[in-house]
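Beneath this line is the structure, given in structure tokens, with notes to follow.
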Amino acid sequence: MEPATLTTDRLVLRTVGPQDTDAVYAAAQDPDIQRWTTIPSPYLREHARGFTERMVPDGWANDSMYTFGLFLPSGELVGMLGVTRVSPGVGEIGFWGTREHRGRGYVTEAVAAVARWAFTERAIDRLEWRAEVGNTASRAVAERTGFAMEGTLRSAVDNKGVRRDCWIASLLPSDLALPAASPYLPARP
């Protein structure tokens, strides 16, 4: 599929390409991004090139991963967000914000916009968020966006060769007053 471009009150959400390699590389030097995400560490220029020139375009082309750079209208990168299809109707969302732009609500704004897009344009009926236990900043974004915390999964994420526990939460179209692509029959007590 062709990459989508979304806009919010303060951001332009668009795919990244070779022109963004330097900005992605610079942002990914942040020790917090390397600590809390599964990107390579150390993060080399070749990693940024592989991401912007192959991984991102391939994900859009084969309808498996939708990656958005979060940009100010000036063109400055403030974060990255991706939705990966994990099974029919289910996507997993991941994101990070650049150090100098954290705490301004940009990532929360982008997560809300991309969730609506995924539900209405990509037939996603369940959006999952996972983060290593302790990543309180990521959890705060998920909670502010309306994700329902579902629990802790033991040894559920591999971060640089170490198994770690992770939190899991979900967002459904109904949480945003949107219709689902497939019927949903919740469990009854």
Side-chain angles (χ1 to χ4, degrees), residues 1-17 19-20 23-24 27-28 30 33 36-37 39 51-52 55-131 135-150 167-182 184:
M1 85 171 283
E2 286 297 314
T5 298
L6 309 175
T7 56
T8 67
D9 289 343
R10 302 180 296 163
L11 301 171
V12 175
L13 313 177
R14 64 164 175 80
T15 191
V16 292
Q19 72 278 10
D20 304 303
V24 169
D30 178 357
I33 292 173
W36 292 112
T37 71
I39 69 168
F51 179 71
T52 60
M55 182 184 270
V56 171
D58 289 353
W60 282 100
N62 65 30
D63 204 27
S64 64
M65 183 174 65
Y66 318 110
T67 303
F68 295 90
L70 287 50
F71 294 92
L72 295 175
S74 67
E76 185 176 359
L77 179 70
V78 300
M80 195 66 59
L81 183 155
V83 174
T84 303
R85 285 191 178 271
V86 294
S87 63
V90 179
E92 182 176 337
I93 195 165
F95 46 80
W96 51 258
T98 61
R99 174 185 306 220
E100 56 274 9
H101 293 290
R102 288 185 194 134
R104 297 180 187 172
Y106 292 135
V107 175
T108 301
E109 188 174 315
V111 169
V114 171
R116 287 185 171 280
W117 173 83
F119 292 146
T120 60
E121 301 298 323
R122 302 311 317 141
I124 299 288
D125 281 328
R126 176 180 166 86
L127 197 53
E128 294 181 347
W129 162 89
R130 295 171 190 236
N135 189 345
T136 55
S138 183
R139 183 173 176 148
V141 168
E143 289 176 332
R144 281 193 302 270
T145 311
F147 280 76
M149 292 298 144
E150 295 178 338
W167 292 314
I168 185 168
S170 68
L171 188 69
L172 306 178
S174 58
D175 296 331
L176 302 179
L178 295 170
S182 301
Y184 169 48

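- For the residue pair T84 and E92, no side-chain donor N or O sits within less than 3.5 Å of a side-chain acceptor on the partner.
- Annotation: the span from L70 atom CG to E76 atom CD amounts to 12.0 Å, rounded to 0.5 Å.
- For R144, there are no salt bridge (Lys or Arg N to Asp or Glu O under 4.0 Å) partners, not counting sequence neighbours.
- Taking the centre and axis of the six-membered ring of W167, the NZ or CZ atom of R130 falls outside the cone set by 45° and 6.0 Å.
- Dense packing is recorded around CD of Q19, with more than 12 heavy atoms of other residues, nucleotides or ligands lying under 6.0 Å away.
- Put simply, the side chain of V141 does not reach to within 4.5 Å of the side chain of F147, judged on heavy atoms.
- Smallest separation of non-hydrogen atoms from I39 and A28: CD1-CB, 3.8 Å.
- Under a 3.5 Å cut-off, the side chain of D125 and the backbone N or O of A181 do form a donor-acceptor pair.
- Between M149 and R139, some side-chain heavy-atom pair lies under the 4.5 Å cut-off.
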Chi angles and distances behind the side-chain contact (heavy atoms from CB on, under 4.5 Å) call for V78, F71
CA-CA 6 Å; V78 300; F71 294 92; over 6 Å; no
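- Across all non-hydrogen atoms, the minimal contact from A115 to L171 is CB-CD2, 3.7 Å.
- Counting heavy atoms from C-beta on, the side chains of E150 and S170 come closer than 4.5 Å.
- A donor-acceptor pair under 3.5 Å links the side-chain atoms of R102 to the main chain of G97, judged by distance alone.
- Counting only N and O atoms by type, the side chains of D20 and T52 include no donor and acceptor under 3.5 Å apart.
- Under the 3.5 Å distance criterion, with hydrogens and angles disregarded, no donor-acceptor pair is assigned to the side chains of R126 and Y184.
- At least one side-chain heavy atom of V12 sits under 4.5 Å from a side-chain heavy atom of T5.
- Considering OG of S64 and CE of M1, their distance stands at 11.5 Å, rounded to 0.5 Å.
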side-chain contact (heavy atoms from CB on, under 4.5 Å) between L13 and L81, intermediate numbers included
CA-CA 9 Å; L13 313 177; L81 183 155; over 6 Å; no
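- For the pair E121/R116, no side-chain contact is recorded, criterion being any heavy-atom separation below 4.5 Å from C-beta on.
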Where do D58 and M65 land on the side-chain contact (heavy atoms from CB on, under 4.5 Å) test, with the steps shown first?
CA-CA 8 Å; D58 289 353; M65 183 174 65; over 6 Å; no
Would L72 and H101 satisfy side-chain contact (heavy atoms from CB on, under 4.5 Å), going step by step from the backbone distance to the final call?
CA-CA 10 Å; L72 295 175; H101 293 290; 3.9 Å; yes
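- With hydrogens and angles disregarded, a donor-acceptor distance shorter than 3.5 Å links the side chain of D175 to the backbone of L172.
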Start with the C-alpha gap between S138 and W129, add the side-chain angles, then the distance that decides, and say whether side chain to side chain donor-acceptor pair (under 3.5 Å) holds.
CA-CA 9 Å; S138 183; W129 162 89; 2.9 Å; yes
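- Contact check for R85 versus V90: no side-chain heavy atoms found under the 4.5 Å cut-off.
- Between the side chain of T8 and the main chain of L11, a donor-acceptor pair closer than 3.5 Å is present.
- Rounding to the nearest 0.5 Å gives a distance of 10.0 Å between CD1 of I93 and CD1 of I124.
- Under the ring pair (Phe, Tyr, Trp, His ring centres under 6.0 Å) test applied with F68, the options F95, W96, W60 reduce to a single match, W60.
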